[in-house]
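Quick note: numbers below take in every heavy atom, side chains included, and nothing from hydrogens, waters or symmetry partners. A, B, ... follow the sequence lines: proteins, then strands. Residue 1 opens every chain.
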Amino acid sequence: MSKKPSIPKGTRDFNAEEVAKRSYIMETIKEQFQLYGFQPIETPSFENSETLMGKYGDEGDRLIFKILNSGEYLKKISDEDYNSKSESSITPKISEKALRYDLTVPFARYVVQHQNEIEFPFKRYQIQPVWRADRPQKGRFREFYQCDADVVGSKSLFQEVEFVQLYDAVFTALKLEGVTIKINNRKILSGIAEVIGAQDKLIDFTVALDKLDKIGEEKVKEEMRSKGIPEDGIAKLQPLFSLSGDFGDQVESLESILSTSEIGKTGIEELEFINSAISKLKLKTAKLQLDVTLARGLNYYTGAIFEVSAPEGVKMGSIGGGGRYDDLTGIFGLKDMSGVGISFGLDRIYLVLEELNLFPDTITEATKVLFISFGEEEAMASIQAVSKLRESNIKAEIYPDAVASGKQMKKQMTYANRRNIPFVVLVGEEELKSNTYSLKKMATGEQQKLEFRDLLKALE
RNA sequence: GUGGUUGUAGCUCAGCUGGUUAGAGCGUCGGUUUGUGGUACCGAAAGUCGCCGGUUCGAACCCGGUCUUCCACCCCA
């Protein structure tokens with residue numbers, strides 16, 4: 001045996017069934033995106049490095065796949081840089097392009113670049129792969145698909161409301177019931193940080209808070225202390241750790257904490273607006289839940305923050321996320337362009353649907369009938385029949401190699417069986433003479449000789 | 001980037017404290033069955049034990065490195 005070929009870690013091949021299942025998810029999402037008025041765009045797999053670098057924090061920069069320059073790139077490096085062995089100074093000189101890390105930043109770039117051709121508010125969706133140089137683990141790959149829908153150019157909170165509805169619509173259409181749409185607001189987090197005297201430590205504070213359900217109250221407090229958050233501030237957080245009840249109850253507790261923070265109060269108002277709209281509009285199968293510990297994407301989110309988690313009992317990271325970013329295009333020079341968007345994690349949704357057995361049986365449509373090949377003359381007759389069946393939209397094929405003996409007959413039957421082809425047609429010497437077709441139903445083994453008209457009827 | 005885990009036939013995995021020619025099930029191929037698959041029986045082929053190096057009289061097994069798998073942390077879809 002020669003050297004085994006392989007694919008890079010964190011990447012996958014997909015067989016016919018997997019492709020069918022993946023496209024089922026994509027089509028379902030696409031359909032809902034279009035129903036909500038989003039237009040598709042696509043952007044290149046790789047961007048100029050400067051478009052991506054620095055947009056996702058230090059951690060993000062580390063996870064961006066960089067593309068090596070072509071040509072004699074080493075000759076352009078000065079001896080000083082070369083000997084320094086410093087990645088940060090050499091990397092930009094030998095790599096000017098990088099693989100797309102998410103769809104949001106390329107979208108922001110797109111909006112700025114095409115601002116004169118775009119009607120605002122601009123609603124677009126985008127379904128494309130992204131790449132991250134991460135270590136793979138459960139539900140985490142180095143190449144995976146994101147399905148994003150965003151609106152730029154509207155500050156209306158009704159956008160947030162519609163996105164909650166959109167999440168609900170997609171997961172309902174996928175029959176994935178009972179997902180939780182968690183919502184939070186950056187302004188509330190800022191408000192809390194302000195109240196406890198940690199405005200400058202917002203990220204440290206929220207990163208610690210985000211771990212609450214994972215490591216528990218004490219460990220979270222410990223981490224906050226270690227980051228230099230004052231003890232009396234941590235004490236003020238106490239009501240946060242025991243938040244309970246419905247949306248309204250939780251908001252009440254928050255109000256008591258945030259009474260002295262203007263920004264915090266704004267955050268609460270926004271949350272309440274979204275919640276009351278949603279409770280009037282009603283969700284079909286999803287739940288909307290306030291989660292003050294939710295703190296993702298803080299590098300650019302400024303208002304609402306969303307995250308969707310799989311139904312209870314399924315061990316999987318978030319299957320979707322999103323939020324409001326008031327100034328994303330600002331980085332590229334277009335000010336005052338508020339955006340809000342959500343993302344679906346195709347690969348994770350796939351794993352969840354698989355685990356819960358929610359894929360419809362009908363999505364893997366294969367060949368319906370296989371014609372057994374006997375010889376040249378028979379094959380010719382078979383191909384004529386196959387062509388006619390195809391004209392009637394019946395998936396039909398003929399085994400490419402002729403039967404020379406019973407062994408090959410067996411081989412062809414086995415082939416039909418393996419591929420789950422439900423019907424086999426035999427056209428041999430006898431059938432040729434009588435101008436008939438022997439149709440065999442594989443599941444039961446029953447077989448009958450039919451004229452073409454009846455064959456067509458039986459297969460329709 | 002940190003810590004752990006995995007790698008033996010096409011696939012799933014056994015393989016004792018290091019000891020002759022490395023095993024099973026499934027699959028593949030052939031036969032019982034020359035116009036009939038899915039069930040039965042008989043037989044056969046198939047492995048540089050992930051790769052490189054070390055220890056040893058002797059390594060699938062012990063040690064080091066490296067790649068890979070999966071998991072956790074960080075972060076994230």
Pick the [atom1] atom in [N] and in [M], then give their distance to the nearest Å.
N	M	atom1	result
B/A9	B/A60	P	14 Å
B/G35	B/C11	C1'	33 Å
B/A77	B/U39	C1'	46 Å
B/U6	B/G50	C1'	11 Å
B/U2	B/U8	P	26 Å
B/C29	B/C67	P	38 Å
B/U48	B/U5	C1'	25 Å
B/G15	B/G3	C1'	29 Å

Exercise. Do other residues, nucleotides or ligands put more than 12 heavy atoms under 6.0 Å from the CD atom of A/Glu377?
Worked result: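 Not buried by this count: 12 neighbours or fewer within 6.0 Å.
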Problem set entry | Donor-acceptor under 3.5 Å (A/Ser95 side chain, A/Pro92 main chain) |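 Not a single qualifying donor-acceptor pair exists.
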Exercise. Does A/Arg348 use its side chain to pair, donor to acceptor, with the backbone of A/Gly320 at less than 3.5 Å?
Worked result: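 Checking the backbone N and O of A/Gly320 against the side chain of A/Arg348, no donor-acceptor pair under 3.5 Å is found.
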Seminar exercise, completed: Once base and sugar-phosphate atoms are separated, protein heavy atoms under 4.0 Å mark nucleotides 65-70 of chain B, 5' to 3', with B, S and - as ---SS-
Hey, does [X] reach any base, or is it just sugar-phosphate, or nothing, if we go heavy atoms under 4.0 Å?
X	answer
A/Gly445	base
A/Lys211	sugar-phosphate
A/Gly428	base
A/Phe141	base
A/Gly60	nothing

Exercise. Side-chain donor-acceptor pair under 3.5 Å between A/Glu397 and A/Thr367, yes or no?
Worked result: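 Indeed, the side chains of A/Glu397 and A/Thr367 share at least one donor-acceptor pair under 3.5 Å.
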Exercise. Do A/Ser392 and A/Glu460 have a side chain donor and acceptor closer than 3.5 Å?
Worked result: no
Seminar exercise, completed: Comparing A/Val427 with A/Asp134, nearest RNA chain B nucleotide closer to 5' gives the residue A/Val427
Exercise. Starting at the 5' end of RNA chain B, which residue's closest nucleotide do you reach first, A/Glu431 or A/Ile319?
Worked result: A/Glu431
Problem set entry | Nucleotide B/C74, atom P - distance to CG of A/Leu63 in whole Å | 14 Å
Any donor-acceptor pair under 3.5 Å joining the side chain of [X] to the base of [N]?
X	N	value
A/Gln412	B/U36	no
A/Asn417	B/G37	yes
A/Lys440	B/G37	yes

So [X] and [Y], would you call those rings parallel, tilted or perpendicular, with 30° and 60° as cut-offs?
X	Y	value
A/Phe33	A/Phe344	tilted
A/Tyr301	A/Tyr325	parallel
A/Tyr110	A/Phe107	parallel

Exercise. What would the secondary structure line of RNA chain B be in dot-bracket form, counting Watson-Crick and G-U wobble pairs under 3.5 Å, with [ ] for pairs that cross earlier ones and | for pairs with another strand?
Worked result: ((((..(..((((.....[...)))).(((((.......))))).....(((((..]....))))))..))))....
Exercise. Does B/A77 have A/Phe144 stacked on its base, where the ring centres are within less than 5.5 Å and the planes differ by under 30°?
Worked result: yes
Problem set entry | Aromatic ring proximity, centroids under 6.0 angstrom, A/Phe163 and A/Phe306 | no
Exercise. What heavy-atom pair brings A/Lys201 and A/Gly228 nearest, and what distance separates the two atoms?
Worked result: NZ-O, 3.5 Å
